[in-house]
Undergrad: 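Take a look at this one; I'll ask things after.
So that the names make sense, note that chain A is the first sequence line, chain B the second, and so on, each numbered from 1. Since this is a predicted model, take the numbers as computed values, not measurements.
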Amino acid sequence: MTISRRTIALAAGGVLLALVPPVAALTNQPFYVDLFRRVMIFALAAVSLDLILGYGGMVSFGHAAYLGIGAYAVGIPAFYGVDNGWLQWGLAIAASALAATVIGAISLRTSGVSFIMITLAFAQMLYYLGISLETYGGDNGMRLSGRSRFGGPLDLREPAIFYYVVLAILVLFLALGNRLVASRFGMVIRAAKSNEPRARAIGFSLFRYKLTAFVIAGGAGGLAGALLANQTEYLTPDFMHWTRSGEIMFMVILGGMGTLFGPVIGAVVLLLLEDVLSALTAHWQIILGPILILVVLFAKRGLFGLLVGAEPRDG
Amino acid sequence: MSITLSLVLEQTLNGLQYGVMLFLMAAGLTLVFGIMNLVNLAHGSLYMVGAYLATAFTEKTGSFVLGVALALPATLLVGVLVEVVALRTLYERDHLDQVLATFGLILFFNELVAIIWGRAAIFTSVPRFLSGHFRILPGLPYPTYRAVIILIGVAVAVLLWVLVTRTRLGMRIRAGASNRTMISALGVDIRLLYTLVFGLGAALAGLAGAMAGPIYSVQPGMGEGILIQVFVVIVIGGIGSIRGAIVGAIVVGMADTLGRAFLKPLLATVISPPAADKAGPALASMSIYLLMAAVLFFRPEGLFPARGCS
């Protein structure tokens with residue numbers, strides 16, 4: 001058995017990410033631990049979106065909503081002095097999965113532009129709900145009194161430990177996603193994307209499959225939100241702003257949709273690009289905007305496709 | 001604050017005025033969607049460009065009317081430029097690509113106006129000859145400027161209706177919406193038609209932005225809030241339908257304005273006033289999305305589905 005370019009690229013990527021904390025410590029640049037942790041958190045959100053966008057063809061324009069729900073699921077218990085991480089993160093996943101169930105159950109009745117718009121509408125509703133929560137900071141948001149506590153050696157206040165926790169979660173979710181898209185369930189989802197009437201004609205009740213995928217993606221998005229709140233130790237309704245949903249979507253496209261690992265690269269490249277450009281000029285968005293357009297117009301397959309070369313893909 | 005009849009009437013007119021602005025935006029967006037099948041998130045940027053250009057021209061010429069009159073063709077030009085340079089290649093792409101590429105355009109335009117005019121909000125005042133109030137009913141004064149906006153909106157709606165249903169260009173637009181392959185086979189230059197329609201939509205968005213200047217603040221990103229609401233309008237009204245855009249705009253304008261005005265005092269009777277202060281406007285903002293979700297749930301095609309298929 002030959003080792004494919006894909007495997008090599010994945011192994012190299014994993015090793016590189018794992019090496020960030022020691023290298024940052026050696027070169028005395030702790031900032032990079034922070035930066036790459038942030039990158040991986042967004043990568044988790046982007047990978048979860050890719051599950052429904054890339055494999056299921058569900059163009060959800062409201063994925064940032066789950067980031068917000070997850071963040072509030074950490075912030076609100078913390079506000080009342082409950083800082084148990086298992087509870088907070090569990091709540092983040094449960095609450096966002098529940099929200100995804102409701103949003104999905106309604107949105108999946110539509111398709112095409114209506115689906116894009118209705119998912120956007122739900123995210124906007126939650127955004128304004130966040131603003132209306134005066135007790136929890138309203139539109140200013142609120143500070144987190146401290147990071148989630150897990151007891152024992154799992155002390156998230158230690159930057160490197162928090163970093164490896166995030167890395168572990170990302171790797172686990174990628175492994176889960178990898179199993180999922182290759183499973184019977186994943187095949188049905190992909191069939192629904194490539195030819196819905198045909199998949200229906202075979203006898204699948206697609207709604208349930210799509211909704212399940214939607215809920216899984218939502219739950220993972222919520223976990224990413226919980227991580228993000230811990231990362232910034234701050235949370236605002238801006239986590240749910242529609243431009244944030246656009247950014248996550250762009251990470252998926254940039255990395256290559258329907259590739260699972262691509263969105264990780266998309267998150268790395270986009271956030272590093274933002275970092276570099278914003279150091280160059282305050283007006284970095286005037287450069288990022290056209291880059292985005294060019295990527296959409298000309299690099300349809302995404303960076304992952306360029307990296308690993310041609311790969312048989314399902315249409 | 002008590003809710004009086006005159007207040008309700010005044011807020012209803014404000015709702016109508018906001019609805020008119022939404023309609024000016026929605027008309028262009030829904031035409032572009034119906035005919036070119038393009039989801040254009042950057043439509044809000046054209047609104048912003050219109051507002052900035054009108055402000056700049058007003059300052060240069062010293063006349064508000066002249067400023068707006070110059071801003072219209074200028075925004076049309078910007079729209080045509082955007083269409084030719086960036087959007088033309090997107091018509092055949094799927095909606096995901098269109099959403100992302102036009103999202104990129106938003107970033108570009110927000111930064112561009114920030115570079116040219118700065119990030120700080122610009123406040124302009126209503127021109128003197130429109131700054132007064134006049135009495136609609138005895139004891140009910142209403143700002144002249146807002147009334148003028150309503151009148152202009154109604155005039156534009158009538159003109160658009162005449163254009164679409166009574167002229168040759170309108171016939172082509174309708175034909176393009178129902179079957180683009182057929183109309184190009186009949187010898188109509190479809191690319192030119194697309195550019196024209198896009199420019200028309202841009203000019204309407206520019207008009208809305210130019211008139212919005214003196215009421216709201218002019219700042220980078222000002223087009224985004226209204227853009228999302230305009231999408232709500234066209235989804236409620238039925239994508240591609242002008243009639244739907246009118247109805248949707250009025251409904252959303254009313255719901256948003258009346259909700260903002262009256263949810264707060266209504267809530268204050270239930271919860272504490274400071275909490276109602278914050279929750280009222282937020283719930284009003286949520287209400288239109290709730291409305292849209294409900295419409296999509298019961299009528300996925302919107303209230304007035306456009307006829308024909310593309």
Undergrad: If you count heavy-atom pairs under 4.5 Å between each of A:T135, A:I118, A:L126, A:L129 and chain B, which one has the most?
TA: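 Greatest number of close heavy-atom pairs with chain B: A:I118.
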
Undergrad: Which atoms of A:L292 come close to chain B, meaning under 4.5 Å heavy atom to heavy atom: side chain ones, backbone ones, both, or neither?
TA: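 The answer is the side chain of A:L292.
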
Undergrad: Do A:H283 and A:T281 have a side chain donor and acceptor closer than 3.5 Å?
TA: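 Not at all, the side chains of A:H283 and A:T281 share no donor-acceptor pair under 3.5 Å.
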
Undergrad: At a heavy-atom separation under 4.5 Å, does A:F122 approach chain B through its side chain, its backbone, both, or neither?
TA: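 The side chain, not the backbone.
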
Undergrad: Which bit of A:I287 is near chain B, if near means a heavy-atom gap under 4.5 Å: side chain, backbone, both or neither?
TA: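 Contact with chain B is absent: no heavy atom of A:I287 under 4.5 Å.
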
Undergrad: Please classify the contact of A:S114 with chain B as side chain, backbone, both or neither, using a heavy-atom distance under 4.5 Å.
TA: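 Both parts, backbone and side chain.
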
Undergrad: Look at A:E274 together with A:R38 and state whether they make a salt bridge at an N to O cut-off of under 4.0 Å.
TA: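 No, this pair does not count.
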
Undergrad: For the residue pair A:Y136 and A:F79, is the inter-centroid distance of their aromatic rings smaller than 6.0 Å?
TA: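 They qualify: ring centres under 6.0 Å apart.
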
Undergrad: Less than 3.5 Å apart, any donor N or O on the side chain of A:S48 or A:H63 sitting next to an acceptor on the other?
TA: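 Indeed, the side chains of A:S48 and A:H63 share at least one donor-acceptor pair under 3.5 Å.
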
Undergrad: Before you tell me yes or no, could you show the steps for B:H43 and B:Y47 under side chain to side chain contact (heavy atoms under 4.5 Å, CB included), namely the whole-Å CA-CA distance, both residues' side-chain angles and the distance that decides it to 0.1 Å?
TA: CA-CA 7 Å; B:H43 203 64; B:Y47 168 84; over 6 Å; no

Undergrad: Quick one: what part of A:I253 sits under 4.5 Å from any heavy atom of chain B, side chain, backbone, both or neither?
TA: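 Just the side chain, heavy atoms under 4.5 Å.
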
Undergrad: Taking side chain as everything from C-beta outward and backbone as N, CA, C, O, which of these in A:I116 sits under 4.5 Å from a heavy atom of chain B? Side chain, backbone, both or neither.
TA: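 Contact with chain B: side chain only.
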
Undergrad: Report the C-alpha distance between B:R88 and B:Y194 in whole Å, list the side-chain angles of each, state the deciding distance to 0.1 Å, and finish with yes or no for side chain to side chain contact (heavy atoms under 4.5 Å, CB included).
TA: CA-CA 9 Å; B:R88 189 167 266 191; B:Y194 282 0; over 6 Å; no

Undergrad: So which part of B:F109 gets closer than 4.5 Å to some heavy atom of chain A, the side chain, the backbone, both or neither?
TA: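 No part of B:F109 comes within 4.5 Å of chain A.
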
Undergrad: So for A:T243, is it side chain, backbone, both, or neither that comes closer than 4.5 Å to the heavy atoms of chain B?
TA: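 A:T243 touches chain B through backbone and side-chain heavy atoms alike.
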
Undergrad: Is it the side chain or the backbone of A:L294 that comes within 4.5 Å of chain B heavy atoms, both, or neither?
TA: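 Neither the backbone nor the side chain of A:L294 comes within 4.5 Å of chain B.
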
Undergrad: Less than 4.5 Å apart, side chain to side chain, heavy atoms only: is that true for A:F42 and A:R244?
TA: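 A side-chain contact exists here, since the closest heavy-atom pair is under 4.5 Å.
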
Undergrad: With heavy-atom distances below 4.5 Å as the criterion, would you say the side chains of B:I228 and B:Y289 are in contact?
TA: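 Side chain of B:I228 against side chain of B:Y289, heavy atoms only: contact under 4.5 Å found.
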
Undergrad: Given a strict heavy-atom distance threshold of 4.5 Å, which part of A:V59 is in contact with chain B: side chain, backbone, both, or neither?
TA: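 The side chain, not the backbone.
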
Undergrad: What part of B:V235 lies closer than 4.5 angstrom to a heavy atom of chain A: side chain, backbone, both or neither?
TA: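 Contact with chain A is through the side chain of B:V235 alone.
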
